[in-house]
Amino acid sequence: MTTRLQDAAATPFALEMLGITKRFPGVLALSDVTIQVRRRQVHALVGENGAGKSTLMKILDGVYAAGTFQGSIRLDGRPIAMRSPADAKTLGIGYVPQEITVLDNLTVAENVFVGAWNGRGARFVRFPRLFDRAAALLERNGIQLDPRRAVATLNASQRQLVMIARALADDPVVLILDEATACLTRDESRTLFRIVERLRDRGMTTVLITHKLAELFEIADRATVLRDGTVAAEFDRSAFDERRIVAAMIGRTLDAFYPTRDSRIGDGEAIRVERITVPHPHVARRNVVEDVSFSVWRGEILGLGGLVGSGRSEVVNAIYGRIPSRGSVWVDGRKVVIRNSFDAKRHGIGLLTEDRKRDGLLLDKSIRENVSLHDLRRISRFGIIDRARELDAARAFVRKLSIRAPHVETPVSTLSGGNQQKVVLSKTLFAGPRVLLLDEPTKGVDVGAKYEIYRLMMDLAREGIAQILITSDLPELLALCDRFLVLARGRVADTFTKSEASDARLMLAATGG
Amino acid sequence: FLLMAVAACGPRSTGTSNPATTKKKFYWVQGLKGHPVHQLTQIAFLEGCREFGYDGEIIGADNDDLSSTIALAEQALAKGDAAGMAVWTGNPGWNPFIEKAARTGLPIVLPHFPSPEGSVPGASGIISCDPAAYAAEAAKEIGKAIGGKGAVAVTQGSFNSTENLVAVTFAKTLGDLYPDVKVLEPQEETFDAPKAIARAVSILQANPDVVAALSTTGNGATTWSGAQRETGKSLVVVSMDYTRVNLDLVKDGSIHAVIAQPLWEESFGAAELLDRIVRGESIPWWTKLTAPFLTREKTGPYYALIDKVEAAIAR
Amino acid sequence: MRKFVESIRRLWAIPEAGILAPLVVCAVVFQSINPTFLGESSVSAILRAMAFVGMIAVGQTWLMISGGIDLSVGSVAGLCAITASWLMKAQGWPVPAGIAAGLAVGAAAGLINGVLSVRIGIPAFIATLGMLYVARGLNYLLCKGYPIYPIPDALKEFGRAEPLGLSWAFLLFAALVVLADLCLRRTVYGRMVYATGGNVEVAAIAGIPTTRVRIACYVFTGALAAAAGILLMCQLNVGQPEIGTGWELDVIASVVIGGVSLFGGVGTVVGTFLGLLLMQVVRSGLVVAGVNTHWQTVAVGVIMVVAVGVDLLRRRTKIS
Amino acid sequence: MRKFVESIRRLWAIPEAGILAPLVVCAVVFQSINPTFLGESSVSAILRAMAFVGMIAVGQTWLMISGGIDLSVGSVAGLCAITASWLMKAQGWPVPAGIAAGLAVGAAAGLINGVLSVRIGIPAFIATLGMLYVARGLNYLLCKGYPIYPIPDALKEFGRAEPLGLSWAFLLFAALVVLADLCLRRTVYGRMVYATGGNVEVAAIAGIPTTRVRIACYVFTGALAAAAGILLMCQLNVGQPEIGTGWELDVIASVVIGGVSLFGGVGTVVGTFLGLLLMQVVRSGLVVAGVNTHWQTVAVGVIMVVAVGVDLLRRRTKIS
Ligand SMILES: Nc1ncnc2c1ncn2[C@@H]1O[C@H](COP(=O)(O)OP(=O)(O)OP(=O)(O)O)[C@@H](O)[C@H]1O
Ligand SMILES: Nc1ncnc2c1ncn2[C@@H]1O[C@H](COP(=O)(O)OP(=O)(O)OP(=O)(O)O)[C@@H](O)[C@H]1O
Ligand SMILES: [Mg+2]
Ligand SMILES: [Mg+2]
């Protein structure tokens with residue numbers, strides 16, 4: 001016994017996954033993957049969409065129970081077998097999944113301590129104490145949320161923070177962050193990394209999945225690159241090199257991360273919004289967006305900057321008629337009345353929403369059916385659907401955006417997160433909008449595919465399509481947009497052109513300095 | 001007997017002086033209040049009340065859940081203006097309610113459902129026909145009509161004491177009188193016409209030797225005439241209740257006969273019994289009435305009765 | 001032999017196989033117990049009995065795929081039958097006008113259900129349960145609980161006619177099944193119904209007029225309930241106020257057995273048809289097999305659960 | 001005045017206010033139409049009538065919050081009443097044994113419902129609808145449709161007793177409401193029920209034994225259905241096979257009116273209590289107000305919808 005313990009202590013690895021192979025019907029998701037994570041390190045896992053990162057982590061969290069895959073897992077040198085996520089939790093594995101999973105009808109505090117509200121074995125829930133503990137935990141980790149608030153009223157990034165707090169609540173030995181930073185702003189990501197560093201110093205090991213390579217340089221000690229379900233390369237921090245990592249990921253070299261703008265902004269106003277005001281959904285006489293006015297020219301890309309909760313999503317959703325608002329909208333110089341999404345689409349506006357699971361996709365339906373959804377008229381004759389045309393349309397997008405799937409008939413629920421995002425984009429583009437509202441279009445998309453999306457945006461710009469971009473990836477925003485509008489607490493804080501733009505100016509405006 | 005009933009609606013023994021009490025309301029408590037047969041009884045009861053100088057009021061829920069009707073009745077009694085009450089039930093579940101109401105000195109009469117003396121504490125008497133009697137008569141008539149051979153199907157609207165009694169007595173009597181006749185196990189007819197017809201057809205399918213059918217419920221006429229049409233068979237069908245639909249089915253030969261429970265008489269009679277109790281007379285436990293077996297020739301007077309009820313409903 | 005196994009396996013892959021298998025098993029079992037089971041009159045009785053609940057089930061299929069549910073269907077069927085017969089008998093309306101009015105009442109009830117649940121946001125369960133009571137009350141207010149009789153001879157003839165040895169009600173139902181199935185699978189409208197039921201938000205963003213689609217499904221279901229009620233009235237030759245009582249659970253059971261999800265977005269009309277057929281085959285078969293009437297009730301419950309269990313099994317085998 | 005407005009506004013913010021408001025309005029209206037409405041015997045009749053459906057509604061509240069639903073409750077109540085009375089009368093079992101057996105049958109029915117829907121994955125709607133038929137069939141197999149009578153005197157006494165001018169059934173129900181409400185709000189178990197109903201997967205990841213929680217809610221509901229059936233049997237003083245017929249919709253309606261979502265995760269027992277009270281006040285009040293029976297049916301439907309509508313309105317009003 002003692003020798004084994006000594007053995008265990010002797011391994012430098014907190015976590016080892018050895019020879020993991022996992023199959024889904026028609027897909028070999030992982031093939032003989034081995035990763036070894038050193039104690040007190042932040043180990044990054046990167047790779048294209050569908051490379052198998054989330055699958056590997058789900059195995060580690062017991063979502064796919066022992067026996068449904070081949071290979072072994074060791075924690076501190078001891079082999080472990082898990083039947084459920086609950087087992088993983090007991091072993092000290094904290095998991096922040098890629099998809100948002102919160103209990104909408106409970107409070108933030110109850111979500112954070114879900115299942116163990118008052119410590120194990122307690123019979124009664126003492127709410128005052130629960131709220132205090134939650135407040136303390138949130139405070140300690142620099143998360144600004146009211147523990148008493150119902151999670152139903154939070155937006156995507158706030159929900160993400162709730163999930164992170166939940167994983168931290170158990171003082172995990174190993175923390176898995178599966179694209180936890182995808183919808184966080186850079187500030188929030190930084191706060192998260194400070195927490196991770198602090199806990200690392202106290203002995204925690206972290207596995208970080210991200211598509212934002214900058215984050216590797218910021219925090220990772222080591223990185224494993226997965227490609228097509230196999231380990232393509234491993235790098236130590238000293239050997240980090242953006243180009244080489246990307247090449248390992250996508251199997252070819254990428255000359256630049258952002259395409260250069262090769263077209264001119266057209267003349268003529270594509271869309272103009274005037275004094276748009278969005279009342280708060282729950283609080284009387286308070287507005288989440290107030291008097292925001294701007295216009296976008298044909299072929300122009302307008303970037304909406306701001307912190308989480310500054311009301312960026314509300315602006316585009318209001319324009320699209322999804323939430324009640326006041327103010328007026330002109331499209332192509334004509335004043336239009338948009339009472340609902342139907343009107344918005346009729347006037348040539350397209351929207352890509354930020355939460356693909358909630359309102360992005362028909363998860364049970366195939367890629368084909370999702371792609372064609374936005375323009376059923378185009379694939380039908382006299383109201384009858386033409387299967388062949390529908391198939392062609394779907395195949396075209398699968399090729400164009402290199403969506404990785406066994407078939408166009410595959411249900412989108414089985415696609416990897418990034419590939420789902422590409423389907424969302426496809427279906428929005430299928431309607432051929434003249435004004436495109438993009439709320440986090442590259443969320444969870446790998447570097448290679450991101451580049452494809454950027455190129456697509458440039459193509460659209462060339463075709464004269466006006467675009468409004470919201471993204472929490474600051475470099476991306478700065479690189480792609482022609483003009484910027486920064487929101488702070490629902491109001492326009494600053495507006496400037498590309499030539500005047502800088503990191504600092506954007507952040508200054510956003511923080512209301 | 002029917003003439004008597006129709007006559008009963010005319011002016012009659014006028015000598016009754018108004019009761020001494022100030023309470024002048026007779027309640028008629030009955031579940032499934034909207035049921036057409038129940039409506040007929042309600043009209044008869046109200047007519048009886050008028051006849052004997054009382055206000056009549058009908059209490060009941062639309063469903064046949066007794067607890068909801070009891071709740072309604074308790075509330076009505078809480079108003080304190082009751083001089084008497086007739087409760088349409090053969091269900092001991094009502095006993096506590098009846099007993100409690102009787103403890104306040106309220107005269108209570110039970111129409112339609114026969115039950116032995118003493119089985120309903122607090123009730124003064126019952127007024128009804130004897131289901132065993134009409135079941136036996138139906139057995140005789142059917143046995144005669146089919147010449148003592150073949151099988152007879154029996155369907156029940158639901159399984160309750162009265163329908164069970166009819167089915168059992170029928171089978172026993174028919175078996176005793178005509179040993180060659182096979183009486184099938186009773187099947188539940190249900191109250192949904194398409195399901196009931198399909199089930200009757202299946203019975204015929206499974207038992208090709210069926211030549212007659214008895215339904216212990218009023219819908220049986222529609223059920224079995226439908227089943228005959230669908231299978232092209234011709235049976236001797238006997239059902240309950242003299243609704244206009246059923247009388248027409250008897251008249252056009254679709255079914256052989258309906259059994260006319262003395263609904264009008266027992267309901268009208270319930271008011272009379274209550275009046276007698278209020279006036280201090282004593283009444284026998286069971287005021288027994290007969291239930292005529294209506295074949296084609298005998299339907300005539302019942303059309304008149306139906307006309308009368310329809311006129312009353314139209315009012 | 002291997003070919004046989006292969007073709008069985010291929011059949012098993014059809015979405016409706018999960019319900020077809022228990023159906024076939026039941027039919028075979030009943031037939032072997034009593035060889036008259038699949039006789040002509042028995043089959044035609046089974047088919048005829050399906051027509052009424054079946055028509056409504058088609059509407060309910062669309063409605064549930066779109067994400068709604070309607071508990072008032074039976075009650076509305078009764079109300080419409082009574083309205084039509086009352087207008088014709090007591091008000092002397094001509095037959096076509098009476099029938100049109102009956103259908104209009106059904107559609108109106110559906111419209112109210114739709115507006116209450118979709119526009120105002122009252123849970124469909126409560127909105128349509130409310131309608132169940134309202135329609136039943138109005139029904140009895142109109143006819144005072146008394147059957148409306150006689151109805152015009154033309155309707156009586158229509159109700160008794162036996163085209164192809166079946167009934168007009170069944171033929172109309174069969175035509176409806178084919179049409180509704182094609183529409184749902186093949187047309188843009190059908191696709192909109194699936195999308196709306198799958199995820200309203202996604203459908204709305206795609207520019208689908210979800211409110212209109214959802215309300216239309218309610219109206220459609222209401223009108224079909226009216227049609228079923230009126231057709232049954234023709235067959236019974238009397239405006240029975242009890243028409244439709246308790247149909248709501250029968251309808252929903254058939255639809256769910258046929259593979260429609262209570263959460264919307266999934267299912268087919270053919271599935272519903274098979275679900276209806278299974279229920280009716282079981283009900284008739286148990287009688288023909290000579291099972292005691294109370295054991296029949298038990299068996300209906302058991303077979304219902306087993307049928308859905310088999311369907312589950314099929315879906316699980318497909319994945320692995 | 002301003003204070004009054006302020007306190008009204010604060011009341012309005014309580015989650016149960018949405019259902020309380022229509023309740024108070026109805027009570028005031030009926031009282032002004034007929035001043036005997038809130039008389040002692042009338043109120044006690046209202047309370048007593050609630051007890052049976054009410055008990056089951058408490059179980060159903062837990063069950064629906066946990067994400068399940070049980071349509072078999074009425075049928076199971078009937079079966080358990082008959083089982084208990086049959087064992088005591090025909091088999092000569094002593095009273096406690098008979099009652100324990102009746103409760104055990106209810107719990108077993110709940111367990112089967114739970115295993116079928118939670119473990120095997122048959123939609124709860126179908127699993128429990130199947131149980132509805134099975135329980136009804138067994139019920140009639142036991143008693144053949146004859147009421148079982150008399151039942152032991154002890155039960156008769158118990159059923160007739162009027163503690164506090166009410167009934168034991170009501171007092172048990174009231175105690176149950178208080179207990180169940182506290183448990184749901186305050187205990188770890190109650191919060192597990194909410195978490196499970198809110199999102200099973202999340203709850204499972206958090207280490208909550210969701211399968212056990214969900215099945216337990218079914219068992220709890222089944223046992224309460226049994227208790228309601230047996231208590232009604234005591235009050236009626238007879239094992240009536242019709243006990244419980246049609247209760248399922250009443251139960252679900254009260255629960256939903258009280259604010260429980262059909263999708264799980266939301267609701268309170270107090271809400272359900274108010275929902276039950278509203279339904280009973282409306283039913284009794286309409287009679288006391290002398291409304292025609294059929295209009296009563298209509299009014300029940302309308303008020304049900306309006307009550308839920310008011311609750312919606314409350315939730316939409318913004319906090320200031
Ligand atoms: N339940 C499932 N059924 C079938 N295939 C699946 C399932 N889950 C994942 N896959 C497939 O396994 C592969 C790996 O998916 P995974 O989610 O691990 O990718 P990922 O690396 O996390 O990608 P992303 O960066 O887009 O999140 C993909 O091809 C995906 O389609
Ligand atoms: N459903 C809701 N209920 C209550 N408040 C909400 C709701 N949705 C958004 N808010 C609030 O509205 C404000 C603006 O949110 P919005 O989602 O527009 O932010 P954002 O700038 O798009 O941030 P991000 O997209 O990065 O999360 C925030 O204060 C947010 O908390
Ligand atoms: Mg992933
Ligand atoms: Mg946003």
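What's counted below: heavy atoms across the whole structure, side chains too, no hydrogens, waters or symmetry copies. Proteins come first, then strands; the chains are lettered A, B, ... in the order of their sequence lines, and each starts at number 1.
- One finds the CG atom of D/Leu249 at 5.5 Å from the CG atom of C/Leu129 (value rounded to the nearest 0.5 Å).
- Contact annotation for C/Leu262: only side-chain heavy atoms (C-beta onward) come within less than 4.5 Å of a heavy atom of chain D.
- Looking only at atom types and distance, the side chain of C/Ser117 has a donor-acceptor partner in the side chain of C/Tyr218 under 3.5 Å away.
- Each of D/Ala307, D/Gly145, D/Ala253, D/Ala299 has some count of heavy-atom pairs under 4.5 Å with chain C, and the biggest count is that of D/Ala253.
- The backbone N or O of D/Tyr146 lies less than 3.5 Å from no partner atom in the side chain of D/Tyr140, so there is not a single donor-acceptor pair.
- The residue among D/Leu71, D/Ile252, D/Val302 with the most heavy atom pairs within less than 4.5 Å of chain C is D/Ile252.
- Contacts with chain C were tallied for D/Val134, D/Val256, D/Asp311, D/Leu138; D/Val134 has the most, counting heavy-atom pairs under 4.5 Å.
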Inset, instruction - Apply the test side-chain hydrogen bond (donor to acceptor under 3.5 Å, both in side chains) to residues C/Asn113 and C/Ser72: give CA-CA distance (whole Å), side-chain angles for both, the deciding distance (0.1 Å), then the verdict. - result: CA-CA 9 Å; C/Asn113 282 334; C/Ser72 70; 3.1 Å; yes
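- By number of non-hydrogen pairs under 4.5 angstrom with chain D, the leading residue of C/Leu132, C/Leu116, C/Ile257, C/Thr297 is C/Thr297.
- Interface remark: of the candidates D/Pro123, D/Gly121, D/Ser261, D/Gly137, D/Gly137 forms the most heavy-atom pairs closer than 4.5 Å to chain C.
- Looking only at heavy-atom pairs under 4.5 Å with chain D, the residue among C/Val308, C/Val305, C/Val306, C/Ile126 that has the most is C/Ile126.
- The NZ atom of D/Lys144 sits 8.5 Å away from atom CG of C/Asn292, with the distance rounded to the nearest 0.5 Å.
- Side-chain N/O atoms of C/Thr61 and C/Thr272 include a donor and acceptor closer than 3.5 Å.
- Neither the backbone nor the side chain of C/Ile303 comes within contact range of chain D; no heavy atoms are under 4.5 Å apart.
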